[in-house]
Amino acid sequence: MTTTVTPPVRTATRFTRGSDIGGRIASYVVAVLLAFVVAGIVIALLGHSPVDAYRAILTTSFKSGFGLVETVHKWVPLVLLALAFAIPLAAGKYNIGGEGQLLVGATASAAVGITLADLPLPILLPLVLVAGLLAGSVFAWIAAWLMDRFGINEILSTVLLNFVSFGIVDYVASEVWSDPAAGHPTTIPVGDGALLPLIGRPPMHVGVFLALLVSVGIVVVMRRTVPGYELRAVGTNPRAAQVHGVRIGRIAVGSLVVGGALAGLAGAIEVAGVHGKLIEGMQSNYLLLGIIIGLMARGNVIAVPFVAFGIAVLEVGASAMQRTAGVPQEMVLIVEALILLFLLFSDVVGARLRRSSR
């Protein structure tokens, strides 16, 4: 009598997944270490102390409550813009218009907060946030519609729409609701009911929790729902997805619109939680950092919040580095770029090693 032994498929699968996750974590660690080593050599060649520079970068966010609050406030637009890039990326599309979508969302939020300034907070604040979300989604829909209807590349259209948003902000901040005392294109403040509540000491706006809730919701949708599965299927193999009944055009358009909504929400939170008004240039370098974060996370929405927090720590520490160690704060951008380059290089090396082993 013979017995049949069933191979432990589940155990092997779990082992494979575990080794894959371990390999990804190792690649992140190696990329960060190499980036810091190379940047440290550059800092030393410039005549500064790499130890003092890195101490300032890595400790500023955690030395005081003010540093931590500044870091999480910086994290909010970074994580939302990174998700605005990562979600279309999962469908094989590139949303390079997060900057414009943030500004249009901020403009709509400021408009609602100024024109309806007399409304109480329970009514006005939701209107301000929804206005930013809708404005960003509509602005992204323009590029999505051009892509779906006329085949215009979404990279080109989203980039060009960024410049349209600059003109909108300049007009609104200089002509419509301008603040003459500001000395810079800035609107008058929104009503008190349009401001996000502050908690703790030092004060932190509750938009941080809203961004965290949105991040968790995105993970659930992407990993546990049919639309999320269809979106990832379109990005992995559009032809196979279409054969199985997935409407790839609708998925592509939807991914860009959702990305625009998240960027618009980031603009609304900046107005309602940080500035209290619309300011020309308030977008800072969030677009570039959002793209870097999305690429560092390899489009993985689970990794995006963690990578965004790391970048926020570097950004907050940049000014402290320049103040204490005399190193230009642009060095942080070099570190971030090096991390991304080493991660991409590790992907190339890993792919070649897998092919050679086969």
Side-chain angles (χ1 to χ4, degrees), residues 17 20-21 76-98 100-102 104-105 126 129-149 151-155 157-158 161 209-269 290-291 293-308:
R17 289 179 180 175
D20 184 54
I21 294 174
V76 171
L78 291 181
V79 70
L80 291 176
L81 281 183
L83 289 171
F85 176 78
I87 291 174
L89 182 65
K93 301 300 175 184
Y94 295 89
N95 179 21
I96 315 297
Q101 294 147 17
L102 180 149
V104 170
L129 296 177
V130 170
L133 188 147
L134 291 177
S137 62
V138 170
F139 206 61
W141 173 83
I142 297 173
W145 179 74
L146 291 172
M147 174 195 69
D148 188 54
R149 182 69 177 83
I152 297 176
N153 188 283
E154 76 280 359
I155 298 176
S157 56
T158 52
L161 283 170
F209 299 107
L210 179 58
L212 182 62
L213 183 64
V214 169
S215 301
V216 173
I218 293 296
V219 171
V220 173
V221 170
M222 291 289 289
R223 296 289 177 176
R224 300 294 182 183
T225 66
V226 173
Y229 171 77
E230 290 180 343
L231 189 147
R232 289 184 286 119
V234 169
T236 303
N237 193 327
R239 183 173 297 179
Q242 188 173 25
V243 168
H244 287 81
V246 178
R247 297 174 61 180
I248 59 176
R250 183 182 64 179
I251 294 295
V253 169
S255 68
L256 287 170
V257 170
V258 171
L262 293 175
L265 179 61
I269 293 176
I291 294 174
I293 292 167
L295 293 175
M296 282 185 181
R298 296 181 172 99
N300 188 331
V301 294
I302 298 177
V304 163
F306 301 100
V307 177

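Note: hydrogens, waters and symmetry copies are ignored here, and every other heavy atom, side chains too, is used.
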Pairs of donor and acceptor atoms involving the side chains of residues 246-255, under 3.5 Å and at least two apart or interchain, shall be tabulated with distances.
{"residue": "Ser255", "atom": "OG", "partner": "Ala252", "partner atom": "O", "Å": "2.7"}

I'd like a table of donor-acceptor pairs (distance under 3.5 Å, sequence neighbours excluded) in which one partner is a side-chain atom from residues 215-228, with atom names and distances.
{"residue": "Ser215", "atom": "OG", "partner": "Ala211", "partner atom": "O", "Å": "2.8"}
{"residue": "Arg223", "atom": "NH2", "partner": "Asn300", "partner atom": "OD1", "Å": "3.4"}
{"residue": "Thr225", "atom": "OG1", "partner": "Val221", "partner atom": "O", "Å": "2.4"}
{"residue": "Thr225", "atom": "OG1", "partner": "Gly228", "partner atom": "N", "Å": "3.4"}

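Across Val234 and Ala91, no two heavy atoms sit closer than the pair CG1-O, 3.9 Å. Contact detail for Ala84 and Gly259: the closest heavy-atom pair is CB-O, 3.0 Å. Closest approach of Gly105 to Ala135, counting heavy atoms only: CA-CB, 4.1 Å. Residues Leu78 and Ala308 come closest through the heavy atom pair CD1-O, 4.1 Å. Gly98 and Ala263 make their closest contact through O-CB, 3.7 Å (heavy atoms, listed as atom of the first residue, atom of the second, distance). A pairwise comparison of heavy atoms in Glu154 and Lys93 identifies OE2-CA, 3.5 Å as the closest pair.
Without hydrogens or angle criteria, Gln101 side chain to Gly264 main chain gives no donor-acceptor distance under 3.5 Å.
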Could you walk me through whether Val104 and Leu161 pass the side chain to side chain contact (heavy atoms under 4.5 Å, CB included) test, one step at a time?
CA-CA 10 Å; Val104 170; Leu161 283 170; over 6 Å; no
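Arg298 meets the salt bridge (charged side-chain N to carboxylate O under 4.0 Å, His left out) test with Asp347; sequence neighbours excluded.
Asn95 pairs in a side-chain contact (heavy atoms from CB on, under 4.5 Å) with only one of the listed residues (Ile155, Ile87, Leu256), which is Leu256. Each of Leu262, Leu265, Val258, Ile293 was scored for a side-chain contact (heavy atoms from CB on, under 4.5 Å) with Leu83, with one residue passing: Leu262.
For the atom pair Ile142 CD1 and Thr158 OG1, the distance stands at 12.0 Å (nearest 0.5 Å).
Between Tyr94 and Asn153 the shortest side-chain heavy-atom distance does not fall below 4.5 Å.
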